[in-house]
Amino acid sequence: MTAHDTIRDVPAAEQPAADWSQPDTSAFVGRRHEISEVRRILPKTRLLTLTGAGGVGKTRLARRVSELARQKYRDGVRLVELATIDDEDLLASAVAAALGVRDTGPDVVAQLVERLADKRVLLVLDNCEHLLDACARLVQRLLRDTPWLRILATSRQSLGVYGERVLCVPSLSVPEPGDTTRDIARRDAVRLFAERAATIRPGFAVDAANARAVARLARRLDGIPLAIELAAVRLRTASVEDLANELDKCLDLPAETGPGTLARHQTLRKTMDWSFGLCSSGERRLWERLSMFPGGVDLETAETVCPGQGLAREDVLDLMAGLVDKSILCTAEQHDGGVRYRMLEPIRAYGRERLPSTDAQALRARYIDHYRRLTGRVRVDRMEPGQIDHHRTLNAELPNVRVALDLCFDRPGDAPAGLEIASALWAHWLLAGALSEGRHWLKRGLALVSRPNATRAMGLWASGLFALYQGDPAAGADLRECLALARQSRDEAVLAFATQMSGIAALAEGDPQGGLALVEEALTRHRARDDVHAVGVTLYFATLFAAHLSPDRAAAYGEELVTMCEQRDAALFRAYALYALGIARWEQGDWRRAEAKMREVTAFWSAVDDRWGLLQCLEVLAWTAGARGRHERAAWLLGAAHDLWRAVTASPSRPRFQVKSHQECVERARRALGAQAYTAAFRKGARLRLSRAVAYALEEP
């Protein structure tokens, strides 16, 4: 294959239309030209990379353009934030998560290709520079094998992929010597400064009295948006003239730096040096320590992890407020009303560089301990209230948990804590469909924790479970060692989990009777230990396994599980319990009660955006529609489920208990409607967006 064969271009006539309506860019200072350029170039290329110095606004530009382009891509726009990913092995999993692809197989990239094969999607990869080679390999593979995909990337340097178009994002325009006051006020860097200054000093405007000082300030900052925003906050305590004089002193760059990206990088660096120097000693320490949190941080976590070495817990709130005032921290409201604090990536990277090694050692220990406790406290495999909040907390904290795992596995002495964290997350990764990421961390931990104890055994259990879900033969080795450790140590808890996994393995190998027997043995062992959480998980598997072998027994298990969930207010568990019970009712021939359960679960899973669960519900609701004689509705629902099956790169034949019911539903609908009408209804269902498919399934307007 030659370089010219690397990317297949789509014929111009088949590309997404380029005649986007003109956007309102009045609130996006100084980027009207760049927005127009991106909008002009993007429909004509498969890959466009926005390059430029840190702080120049590449991310903001990409986000703005993607918002404007959203309606032009039939299958959507997806943003992947790579700044929080430090390990190239997690790149494909991060893209899969953004695209809603459940990585149920060992080759995540192949699943991405399958999902995107006929999709018109704009994929935005933000902050590629620290994963440049991995991004280049992934982008090349995706563009080669998915003819309709377009990618917009941001990076400090180009990806180097054949066919790539590069647009260098410049600094904002600055005043020229000799500009009039009116000319100065029109320059983009000045407009941004004035806009930010007005939020500090209401009514601020560039006029004859301050124009020269503002012009000097804008030139000193090289028109770099982030530098301008950091400088503007100083107007709380300084005049424009004083601020310009301060910048003249602190940004006295040597002449040999020359023009271009290097000079702008040094300007931003010196601006952050200046901002750092203006902070109090406590604010500086907190800035350095908060840079450990790529996913942002809430106040409680900051007060837990950051104090020590000259920083008191009771001072953290005021210090964070000071960093917000100085634009070092940004605030973002969370879904539950809590506030989360974040740093822009250049500011966070600067803080990490400044963090003294003596502080880093103590901070490391507190950081690991905090996330070990957190992941143990908000486990979603526990039958208790707050399961949904736990899942959302883990989603928000996952970038920080990754840092904790990296810290653990960088030192053998901390590896057991890392394996404990990774094992505690098994249910979260399973629900999120992030099996490859889960296996990645478990594999790292198991390679370092060789001592035959319960920590290793549960790591083997979780790793083996994920391998089973992905159809990987490696599951067998994990299972055998897990069983051996359990028997050797006579640990009843581990033995019960190992027995449960043996049952799942038996089902995967085509022995449903043997699988059910082993799962029921595990259930007995968990009951004997009075482990209500493990009993709940095992009842779920027992209900599904027994459904097509002994429907009445399955229904009894399902009813028991639903009751347990309701007694303990375990909402997430209850949804899975209702789903499993619905399958049991279907196998009993009671399609009415099966349909009622599936409708209830569909509404719940739609609210929490569980796409894997939703496709299962749509599939079963198609069966019940067929049982009611509503075959056109069944075909619509089969079509809607089909698109979701493809989204998670699976098929309705994958779960063994579904094969017969799926095939019978299809055959009945084809006979009743005729092949042509069935195909038409199926295609209409497949074209439904998820929200409309759910509304149709629930028979809502």
> When you check the side-chain N and O atoms of T49 and E164, is any donor under 3.5 Å from an acceptor?
Replying inline: yes
>> Rounded at 0.5 Å granularity, tell me how far CG in L123 sits from CG in D75.
In response: 13.0 Å
> Would the number of heavy atoms belonging to other residues, nucleotides or ligands and lying under 6.0 Å from CD of E353 be above 12?
Replying inline: yes
>> Do E397 and T301 have side chains that approach each other closer than 4.5 Å (heavy atoms only, starting at C-beta)?
In response: yes
>> Main chain of I224, side chain of D222: is a donor-acceptor contact present, judged purely on distance under 3.5 Å?
In response: no
> Are more than 12 heavy atoms from other residues, nucleotides or ligands located less than 6.0 Å from atom NZ of K443?
Replying inline: no
> For the ring pair F293 and Y341, is the centre-to-centre distance below 6.0 Å?
Replying inline: no
> What is the minimum heavy-atom distance between L167 and E34, and which atoms define it?
Replying inline: CD2-O, 4.3 Å
> Would a distance-only check, ignoring hydrogens and angles, find a side-chain to backbone donor-acceptor pair under 3.5 Å from W287 to I347?
Replying inline: yes
>> For a 4.5 angstrom cut-off between non-hydrogen side-chain atoms, does K119 reach L149?
In response: no
> Any side-chain heavy atom of E176 within less than 4.5 Å of one from R187?
Replying inline: yes
>> Less than 3.5 Å apart, any donor N or O on the side chain of S436 or Q470 sitting next to an acceptor on the other?
In response: yes
> Is R70 atom CZ crowded by more than 12 heavy atoms from other residues, nucleotides or ligands, each under 6.0 Å away?
Replying inline: yes
> Is the shortest heavy-atom distance from the side chain of R444 to the side chain of H440 under 4.5 Å?
Replying inline: yes
> Do Q157 and T51 come close enough that some side-chain heavy atom pair is under 4.5 Å?
Replying inline: no
>> Can you tell me how far apart CG (L230) and CD1 (I228) are? Round to the nearest 0.5 Å.
In response: 10.0 Å
> Is the NZ or CZ atom of R354 both under 6.0 Å from the centre of the six-membered ring of F276 and within 45° of that ring's axis?
Replying inline: yes
>> Ignoring hydrogens and geometry beyond distance, is a side-chain donor-acceptor pair present between H370 and N400 at under 3.5 Å?
In response: no
> Per the salt bridge (charged side-chain N to carboxylate O under 4.0 Å, His left out) rule, which among E67, E345, E229 passes with R60?
Replying inline: E229
>> Between E37 and R31, is there a side-chain heavy-atom distance shorter than 4.5 Å?
In response: no
